[in-house]
Structure formats: C-alpha cells, structure tokens
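Below you'll find the structure, written out as structure tokens, and then a few comments.
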Amino acid sequence: MNEFSRRLLDWYERFGRRLPWRGRADPYAVWVSEIMLQQTRVETVVPYFERWMARFPTLADLAGASEQEVLSAWEGLGYYSRARNLWRAARQVVAEYGGRLPEDPTILQRLPGIGRYTAAAIASIAFGRDVPTLDGNLRRVLARLFDVAAPADSPAGEAVLRSLAEENLPPGRAGDYNQALMDLGATVCLPRKPRCSACPLADLCRARAAGVQEARPVLKPKKETPHYLVTAAVVRRNGKVLLAQRPPGGLLGGLWEFPGGKVGEGEALADGLRREIREELGVGIRVGEAFGVYRHAYTHFRITLHAFLCELTDGEPRPLAAADLAWAALEALENYPMGKVDRQIARRLKAEFL
DNA sequence: TATGCGTGGCC
DNA sequence: TGGCCAAGCAT
C-alpha cells in the first residue's frame, strides 16, 4: 500500500461518514443505496433509503411488490427509470440467480440499471472484490491530486483517471478505498471551494497551487436549456378527477399526471390545451378558469405550466398516447405516483375541493 | 459519442 | 433569478 492510500484509509477511519447502508452485511442494502445515490445527494437519499428498507426489507420483498408500489416509494427522488430497473432486476435475480445477487461485476452489469460504476461499487463494497470504481467524486479528487488536464468526461480522460484509481488501490481494501475517495470528494475536495486545509492529501496534491484545484476536473461545455409553455387540464366529475398515466421509459415514465402538453409558438393556452386533450384522450373539453401557474426546472429544460379547470363536452376519454386513464377520488390521489408539479396540483386540489 | 432522464440546494 | 452541480445508466 502506498503513502496516498495509507493516508486516505486512515482519514476514512477517523472522518468517514456513518451512513445507514454502511456496516451492513446485506448486499441488497448496498445495491439499493448505490442506485438511489446515482446523481443524487446523500442527504436526499437517507430518508428514502430508510423508508425503502422498511417497506421492502429484502430482495424477495421487492421482487414481490408491484411496479406502482415501487414508483410510489420512489416518488420525489427523480430519475424514475432507476426504480423500474431496480424492480425488474430484483425479479430477474429471483428468477435467474435464486434470489442471491451475483458477486461478479461483469454479471452484475448485465442487470438493468447496473452500469460499470454500480457493478464495481457493489462488488467492492458488498463482496470485497478488488475492483476500482470511477464516479463523479473520484473523477474530481483524482483529477486534482494528479493534475489531470484531459477532460474528465471524455474517454481519454476517463481512461487516465481509471488507471490512476486502479494503480493506487490497496489490495483487500477496495470497498473502503472507494468509499473513502467518495467521502473525501463529498466533504473535503468539494467542486467549489475545496477545503484543502482539512485534506489528508493536501501536500501530495499536484494541483495545490492557488486556484488550480477549482480548474480541475476539466469538463466539456454544456448546452443551454430550452423553456417550454405547457398546459394541464383538471377535469372533475362526480367528485373525481381525470388522471393519465405517462408511457414508460420517457420523462416521468409510468407516473400519473393531469393530462395536457406543450403549447405551440403563438398558440393560445386554451387552444393548445384543447388540442392536446383531443390528441391524447380523444375528447373535447371546455376550458374554464385558471387553476394556477407552475414554474419548474428540469435538468435539460424548464417549463411554465398553466393548469385550468375543465369539463368534458364531447365523448368519453380513452387512452391514446397515454398508457392508462383513471377517474381518481380526491381522497385517493396519494395512491397515484406523480412528479413534483402534478403532486403540487393534486395537493392544492384536495385543499380546495375536499 | 451525444442526449434524455428529476429534484433540491447553492450562489 | 437562472445556472450549476450531485455515488450514472440506457440508447
């Protein structure tokens, strides 16, 4: 073990975070945590993880649940394909591996939702395999420590960083080594304003000249985010409200929403809403009073959504683009997993009409 | 190789 | 306020 790894592990022993999925002998718990942590902060994940493990304590419990139950438990965490893939993978593990998670990273990587990083993380943390990981934290820490100038999100930069991670891996300690680098990246070697004075590796860091740390890692420029005008129809009948289920795979896949869609350039809001409802559900509506304006920023675009109270005027709704439809009682809206904006509308609907 | 996929916190 | 970022994966 070299100087770098020894100091890193010493630091981890003293300052590593105590997290609910650490120190468990349960590979399933490690797996769940790794999926939840993809592109998501630890503080956000902790309460979801606790609730998840109480609701689906074992891999078999998860495999026996319904997709809707799983999406409900995931609601608010984002990137919902993670939940669907985790559920599908659990069923696959029960069907093909007798309910035991495979230990080999190349086999793990064949399961939906498990890529190169997650396979290595599970193999090293849950099964003690000597495999290096490379995630956002490690990219940043290693790019600074070894002053890597190649873009960290390019294949060339990745290859350099991956070999650095591997060269320094202390045999028999991969799980701790990987997690130590993640903790260092999350608590000390921060993206902005790194706390170099608290870093156990500061004197080894090749980017320790003033300002150089924050110039690492080098990343490719991003595109600007478009802004869309969107409408949604709140259609009520007999104390119930019309919901549409979004098709699987895309944005908020499998979740429920108040039907509607994008408004065209120069198109009036009410016209756009009538057109969307006609195309989506095959019915005509009368657009009534406004029921709120909701602004929301997704990662790659932002929307301004106008909701309207509406009535059916022509025909019974049938699912066309949407996968399914429901007339939902206001009391039961919690049972329909939704994205953030639709959940806001649902809550306000209950407050006003229940 | 580039793009789509959520949400919350920070400045 | 809008932009950036946070334990990636699938296509």
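Letters A, B, ... mirror the listed sequences (proteins, then strands); counts begin at 1.
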To the nearest Å, how far apart are A/Leu108 CG and C/dC9 P?
12 Å
Just by distance, no angles: are the side chains of A/Asn85 and A/Arg82 close enough, under 3.5 Å, to form a donor-acceptor pair?
no
Atom pair distance, as rounded to whole Å: CG in A/Leu86 and P in C/dG8:
16 Å
Can you check the A/Glu158 CD to B/dT1 P distance for me, whole Å?
10 Å
Is the closest side-chain heavy-atom distance between A/Val235 and A/Phe308 below 4.5 Å?
no
pair A/Val93-A/Leu59: side-chain heavy atoms closer than 4.5 Å:
yes
Considering only atom P, compute the distance from B/dT1 to C/dA6 and round it to an integer number of Å.
22 Å
Closest heavy-atom pair, A/Trp87 versus A/Ala65, reported as atoms and distance to 0.1 Å, is NE1-O, 2.9 Å
Basic-acidic side-chain contact under 4.0 Å: A/Glu67, A/Arg88:
no
Name the nucleic acid region contacted by A/Thr118, choosing base, sugar-phosphate or nothing; use a 4.0 angstrom heavy-atom cut-off, strictly under.
sugar-phosphate
Here's a test of your reading of the structure: between A/Trp21 and A/Pro112, which maps to the more 5' nucleotide of DNA chain C?
A/Trp21
Hey, are the side chains of A/Asn335 and A/Trp256 touching, using non-hydrogen atoms and a 4.5 Å cut-off?
no
Nearest-Å distance once atom P is located in both C/dC9 and B/dG8:
23 Å
Hey, is the side chain of A/Thr225 poking within less than 4.0 Å of OP1 or OP2 on C/dG2, counting only N and O atoms?
no
For A/Arg17, answer base if it contacts any base atom (sugar-phosphate contacts may also be present), sugar-phosphate if it contacts only those atoms, and nothing otherwise; contact means non-hydrogen atoms under 4.0 Å.
base
Could you give the CG-to-C1' distance, from A/Asp135 to C/dA6, as a whole number of Å?
10 Å
Could you tell me if the side chain of A/Val141 sits less than 4.5 Å from the side chain of A/Phe146, heavy atoms only?
no
Nucleotide by nucleotide, nucleotides 3-8 of chain B touches protein heavy atoms under 4.0 Å in the pattern (B base, S sugar-phosphate only, - none) SBBBBB
Is there a side-chain contact between A/Val30 and A/Phe127 (heavy atoms, below 4.5 Å)?
no
DNA chain C contacts among residues 166-198 of chain A, heavy-atom distance under 4.0 Å:
A/Met182, A/Pro191
Contacting residues from residues 23-31 of chain A, given that a heavy atom lies under 4.0 angstrom of DNA chain C:
none
Within the structure shown, what part of the strands sits under 4.0 Å from A/Arg88 by heavy-atom distance: base, sugar-phosphate, or nothing?
nothing
Distance check: side-chain N/O of A/Arg140 vs OP1/OP2 of C/dC5, anything under 4.0 Å?
no
Using a 4.0 Å heavy-atom cut-off, does A/Ile114 contact any base of the nucleic acid, only the sugar-phosphate backbone, or nothing at all?
sugar-phosphate
Please report, rounded to the nearest Å, how far the P atom of C/dT11 is from the CZ atom of A/Arg116.
18 Å
Side chains of A/Glu75 and A/Tyr80: is there a donor and an acceptor less than 3.5 Å apart?
no
Indicate yes or no: does A/Lys350 engage A/Glu334 in a salt bridge with an N to O separation below 4.0 Å.
yes
Using the P atom as the point on both nucleotides, what is the distance between C/dC4 and B/dT3, in whole Å?
15 Å
Can A/Arg22 and A/Asp183 be counted as an ion pair, charged N to O under 4.0 angstrom?
yes
Give A/Leu219 one of three labels, base, sugar-phosphate or nothing, depending on what nucleic acid heavy atoms sit under 4.0 Å from its own.
nothing
Sidechain N-carboxylate O distance under 4.0 Å for A/Arg7, A/Asp203
yes
